[in-house]
Amino acid sequence: MDQLDFPPFSKRIPGMEGAENELVRQRRDKQASLEQLDGARYPNDFRMSCFVSDALAAGEGKDGTTLGAEAIEVAIAGRVIAVNGFGKASFIRVRDQSGTIQAYVKKDVVDEATFERLKLTDIGDIVGVRGTLFRTRTDELTIQAHEYRVLTKAQHPLPEKWHGLKDMEQRHRMRYVDLIVNEESRAVFRTRTRVIQYVRKFLDDRAYLEVETPMMHPILGGANARPFRTHHNALDMDLYLRIAPELYLKRLVVGGFDRVYEINRNFRNEGLSNRHNPEFTMIEFYQAYATYLDLMDLTEELMRGLAMDVRGKTTTEFRGHTIDFGPSFRRLSVCDGLKEYCGFEEADLHDVALAEVKVLAAGVSPAEVNHTLKNLADASSRDKALAIGMLAFELKVEPHLVQPTFVTDFPAVISPLSRRKDSDPTLVDRFEMYIACNEIANAFSELNDPQDQEQRFQAQMAAKAAGDAEAMEYDEDYVRALTFGLPPTAGEGIGIDRVVMLMTGCENIRDVILFPLLRPEG
RNA sequence: GGGCCCAUAGCUCAGCCGGUAGAGCAGCGGCCUUUUAAGCCGUUGGUCGCGAGUUCGAAUCUCGCUGGGCUCACCA
């Protein structure tokens with residue numbers, strides 16, 4: 001079998017093919033020379049005294065004379081990202097996690113071996129520099145090197161210095177190279193971390209408890225999605241990778257943790273797109289004695305504060321739109337949306353035959369309508385009307401939801417874990433937050449009536465039997481948990497990747513995931 | 001899965017009305033002790049994604065395959 005063959009040599013030892021071979025060979029020769037010079041290969045005895053940012057801070061605002069008098073010594077380490085060489089001196093730009101600083105290595109200041117090391121340096125090498133701070137003719141704070149060492153030789157050359165690495169596939173496959181050469185990429189992932197830190201602090205400050213629940217589930221639930229399957233050998237047990245943590249988090253609310261949240265991965269075995277990665281990061285949080293209305297207020301506050309924190313303002317640019325988190329978010333019920341953008345009358349929302357006319361007129365395909373109705377054989381005409389109305393909603397209403405919008409009051413029939421509206425049991429107390437026509441969050445007042453939950457699970461099982469691959473399974477233990485008493489609770493899930501996309505302007509989810517799933521390299 | 005587009009040096013890209021491959025950066029050699037996209041002179045480097053076909057001759061035209069991008073479908 002071809003699949004069992006080892007990958008080509010070049011895949012295991014990058015660079016050992018074609019002309020690249022020559023570049024790698026040259027660098028390995030230099031590495032050997034350095035080894036001879038230092039008597040060590042991959043030395044690890046260099047000790048930095050500070051980060052680059054600390055060195056920059058130490059010289060901040062001090063002129064050349066002051067620096068000369070103070071003779072501030074620093075030892076920094078990092079990657080060489082640029083070299084300006086002269087015959088008997090060189091400027092090298094060194095970057096660590098905190099920043100970039102320039103070092104100046106001058107032949108009549110350092111010993112012969114040190115100067116030799118300089119000549120054996122390539123862009124991309126990891127070096128250590130010890131020296132004193134001074135200012136160059138152009139007033140740039142620079143380290144006058146007394147000690148200069150190559151700590152790790154880069155055997156493979158880096159991409160070109162001002163175009164960087166452009167090819168998106170290469171950037172995803174070799175994220176390490178992308179991060180070395182593309183500042184925008186580093187900025188995106190710093191922002192990602194900051195988003196997660198902000199969300200965490202926001203909830204911590206409001207007495208939410210961060211918890212971890214299983215990612216391997218024996219029963220499928222918490223969302224409508226197709227799962228990944230796996231197997232535990234010792235227990236001889238089939239398991240799903242979780243599609244949502246929801247049911248476990250609500251068990252914790254039953255247990256008395258009134259406010260909980262979890263930030264981690266969900267896995268859904270569905271198509272890939274610029275908005276979907278098979279594993280994605282979601283925050284789910286639950287608050288007892290609250291309703292979905294409370295969560296709308298909380299979510300507005302969160303998004304506004306997040307924008308201010310990571311962008312310094314309430315707006316962000318996305319797909320040519322300026323999204324503003326400053327004003328109160330629009331609130332639009334599903335039924336009102338259908339009336340406003342899709343020509344629905346009130347009567348169309350109660351009769352499946354009338355609804356079907358409007359849905360088809362909206363451009364939904366008959367096949368799609370039939371597919372949806374097939375899974376709802378026993379539902380009422382109202383439920384069916386609402387269910388197929390959602391198809392028209394996706395097609396005709398979502399494109400209008402550019403500014404942050406809470407879409408509210410979803411059909412109960414597609415919301416098996418949500419609390420029914422007191423005023424209309426065919427609808428539920430639920431909202432989804434749309435921004436730039438994308439669903440970013442999903443929240444609802446939780447269904448805490450165990451008998452109703454039983455019926456909803458039964459409906460899911462019926463749909464599954466009818467061929468709905470995304471229907472939930474009946475979770476008996478979850479229903480049992482409800483019989484011990486779940487307080488009135490509201491819960492929400494926010495897609496972190498999509499929030500990061502919004503905050504960074506990235507239009508592809510793969511650009512905000514460090515290592516997105518890719519096909520194996522040919 | 002459908003449609004459209006892309007794949008040429010380590011990187012960024014030209015070349016594509018068929019005549020056997022080019023630039024910049026990187027590299028190598030030389031000059032240069034305050035440069036910062038440093039500069040000047042010289043120079044190495046390519047199975048033009050893979051496989052067939054058409055042709056005297058294919059990076060270029062045709063078909064297939066692989067990988068990728070956009071888009072539609074599926075999907076939160």
Side-chain angles (χ1 to χ4, degrees), chain A residues 2 10 14-27 29-30 64 81-93 100-110 115 118 122-124 134-140 142 144 154-174 177-178 180-182 223-226 243-244 266 268-278 280 282 365 367-368 371 390 394-395 398 407 410 414 432-434 437-442 469-470 493-495 497-498 507-511 518-522:
Chain A
D2 286 346
S10 62
M16 294 310 285
E17 64 174 32
E20 199 177 355
N21 190 356
E22 175 64 14
L23 298 176
V24 171
R25 192 190 56 71
Q26 286 167 357
R27 285 175 172 239
D29 288 348
K30 291 180 187 173
I81 57 168
V83 178
N84 287 333
F86 296 83
K88 298 182 180 62
S90 277
F91 289 96
I92 57 171
R93 200 159 285 280
T100 303
I101 195 167
Q102 181 172 262
Y104 186 50
V105 187
K106 208 158 113 176
K107 189 167 188 178
D108 58 13
V109 172
V110 299
F115 198 69
L118 177 73
D122 286 299
I123 291 170
F134 77 108
R135 283 194 185 275
T136 63
R137 195 176 283 170
T138 53
D139 208 34
E140 177 168 346
T142 302
Q144 175 78 256
Q155 298 181 348
H156 200 293
L158 286 178
E160 194 237 1
K161 63 183 169 192
W162 66 79
H163 293 99
L165 188 63
K166 282 268 175 39
D167 184 270
M168 288 313 298
E169 183 186 357
Q170 298 255 65
R171 291 178 58 183
H172 295 145
R173 284 195 194 283
M174 297 195 286
V177 178
D178 178 43
I180 292 170
V181 301
N182 292 324
N224 294 108
R226 304 165 88 125
I243 57 174
N266 290 339
R268 299 191 183 175
N269 202 344
E270 291 161 353
L272 289 76
S273 80
N274 60 2
R275 294 179 203 72
H276 299 83
N277 194 61
F280 62 98
M282 172 152 285
S365 75
E368 233 181 314
H371 178 77
M390 288 308 297
E394 288 172 18
L395 206 61
E398 285 183 10
V407 175
F410 281 69
I414 62 162
E432 291 188 350
M433 178 173 63
Y434 276 82
C437 314
N438 278 324
E439 182 205 341
I440 303 297
N442 178 22
E470 289 141 25
I494 303 175
D497 310 277
R498 291 182 179 177
E507 296 183 3
N508 193 322
I509 197 168
R510 289 180 163 184
D511 296 338
L518 302 170
R519 285 176 203 270
E521 209 165 342

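Chain letters run A, B, ... following the sequence lines, proteins first and then strands; every chain starts at 1.
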Rounded to the nearest Å, what distance is computed from the [atom1] atom of residue [X] to the [atom2] atom of nucleotide [N]?
| X | N | atom1 | atom2 | result |
| --- | --- | --- | --- | --- |
| N266(A) | C75(B) | CG | C1' | 15 Å |
| L395(A) | C74(B) | CG | C1' | 14 Å |
| K166(A) | G68(B) | NZ | C1' | 17 Å |
| E270(A) | A73(B) | CD | P | 16 Å |
| R173(A) | G68(B) | CZ | C1' | 8 Å |
| I123(A) | A26(B) | CD1 | P | 7 Å |
| Q155(A) | A26(B) | CD | C1' | 17 Å |
| E140(A) | U35(B) | CD | C1' | 9 Å |

In whole angstrom, give me the gap between the [atom1] atoms of [N] and [M].
| N | M | atom1 | result |
| --- | --- | --- | --- |
| C63(B) | A58(B) | C1' | 14 Å |
| G69(B) | U12(B) | P | 15 Å |
| A38(B) | G18(B) | C1' | 43 Å |
| G42(B) | A23(B) | P | 13 Å |
| C6(B) | C75(B) | C1' | 26 Å |
| C50(B) | C56(B) | P | 25 Å |
| G29(B) | C65(B) | P | 48 Å |
| U8(B) | G49(B) | P | 6 Å |

Name the pairing partner of [N], where a pair is Watson-Crick or G-U wobble with both distances under 3.5 Å, or state none.
| N | answer |
| --- | --- |
| U20(B) | none |
| U43(B) | G27(B) |
| C70(B) | G3(B) |

message = Could you measure the distance from the NZ atom of K107(A) to the CG atom of L118(A)? Nearest 0.5 Å is fine.
response =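 The distance works out to 10.5 Å.
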
message = Once rounded to the nearest 0.5 Å, what's the spacing between atom CZ of R275(A) and atom CD1 of I509(A)?
response =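 The distance works out to 10.0 Å.
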
key: Other residues, nucleotides, ligands: >12 heavy atoms within 6.0 Å of R135(A) CZ   =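 Count over threshold, so yes.
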
Using modelled atom types and a 3.5 Å cut-off, is there a donor and acceptor pairing between side-chain atoms of [X] and backbone atoms of [Y]?
| X | Y | answer |
| --- | --- | --- |
| N438(A) | I440(A) | no |
| S90(A) | I92(A) | no |
| R27(A) | A154(A) | yes |
| D178(A) | L165(A) | no |

request  = Please state whether the phosphate of G68(B), meaning OP1 or OP2, lies under 4.0 angstrom from any side-chain nitrogen or oxygen of R519(A).
outcome  =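 Checking G68(B) against R519(A), a side-chain N or O does come within under 4.0 Å of OP1 or OP2.
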
Are any protein N/O atoms closer than 3.5 Å to N/O atoms in nucleotides 30-34 of chain B? If there are, list each pair with its distance.
unit_1	atom_1	unit_2	atom_2	d
U33(B)	N3	D108(A)	OD2	3.1
U33(B)	O4	D108(A)	OD2	3.2
U34(B)	O2'	R137(A)	NE	2.7
U34(B)	O2'	R137(A)	NH1	3.2
U34(B)	O2	R137(A)	N	2.4

Quick one: label [X] by what it contacts on the DNA or RNA (base, sugar-phosphate, nothing), any heavy atom closer than 4.0 Å.
| X | answer |
| --- | --- |
| A225(A) | sugar-phosphate |
| E470(A) | sugar-phosphate |
| Y434(A) | base |
| R27(A) | nothing |
| Q170(A) | sugar-phosphate |

query = Looking at side-chain heavy atoms only, is the closest gap between R498(A) and H276(A) below 4.5 Å?
reply =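 They are in side-chain contact.
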
Sub-4.5 Å side-chain heavy-atom contact between P157(A) and D122(A) =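 P157(A) vs D122(A): side chains apart.
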
task = Kindly write out the residues that satisfy side chain to side chain contact (heavy atoms under 4.5 Å, CB included) with R510(A), not counting sequence neighbours, or none if the list is empty.
result =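 Side chain to side chain contact (heavy atoms under 4.5 Å, CB included) check on R510(A) returns H172(A), L272(A), N508(A), P516(A), L518(A).
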
Side chain to side chain contact (heavy atoms under 4.5 Å, CB included) partners for H163(A), two or more places apart =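 So H163(A) forms a side chain to side chain contact (heavy atoms under 4.5 Å, CB included) with E160(A), K166(A).
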
Between [options], which one does the side chain of [X] approach most closely?
| X | options | result |
| --- | --- | --- |
| N84(A) | A38(B), U12(B), G67(B) | A38(B) |
| L23(A) | C75(B), A26(B), C28(B) | A26(B) |
| L165(A) | C11(B), G67(B), C75(B) | C11(B) |

inquiry  = Heavy-atom nearest nucleotide on RNA chain B for R93(A) versus P159(A): which residue maps closer to 5'?
reply    =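 Result: P159(A).
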
Could you list the protein-to-nucleotides 23-25 of chain B atom pairs, N/O on both sides, closer than 3.5 Å?
none

task = Kindly write out the residues that satisfy salt bridge (Lys or Arg N to Asp or Glu O under 4.0 Å) with R93(A), not counting sequence neighbours, or none if the list is empty.
result =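 Applying salt bridge (Lys or Arg N to Asp or Glu O under 4.0 Å) to R93(A) gives E140(A).
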
Please produce a list of atom pairs where a protein N or O lies less than 3.5 Å from an N or O of nucleotides 69-71 of chain B.
unit_1	atom_1	unit_2	atom_2	d
G69(B)	OP1	R510(A)	NH1	2.6
C70(B)	OP1	N508(A)	ND2	2.8
U71(B)	OP2	N274(A)	ND2	3.1

task = Report the relative orientation of the aromatic rings in F91(A) and F86(A); use parallel for angles under 30°, tilted for 30 to 60°, perpendicular for over 60°.
result =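 Answer is perpendicular, since the angle exceeds 60°.
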
Smallest separation among heavy atoms of V105(A) and F115(A), with atom names =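 Nearest pair, atom of V105(A) first, then F115(A): O-CE1, 4.4 Å.
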
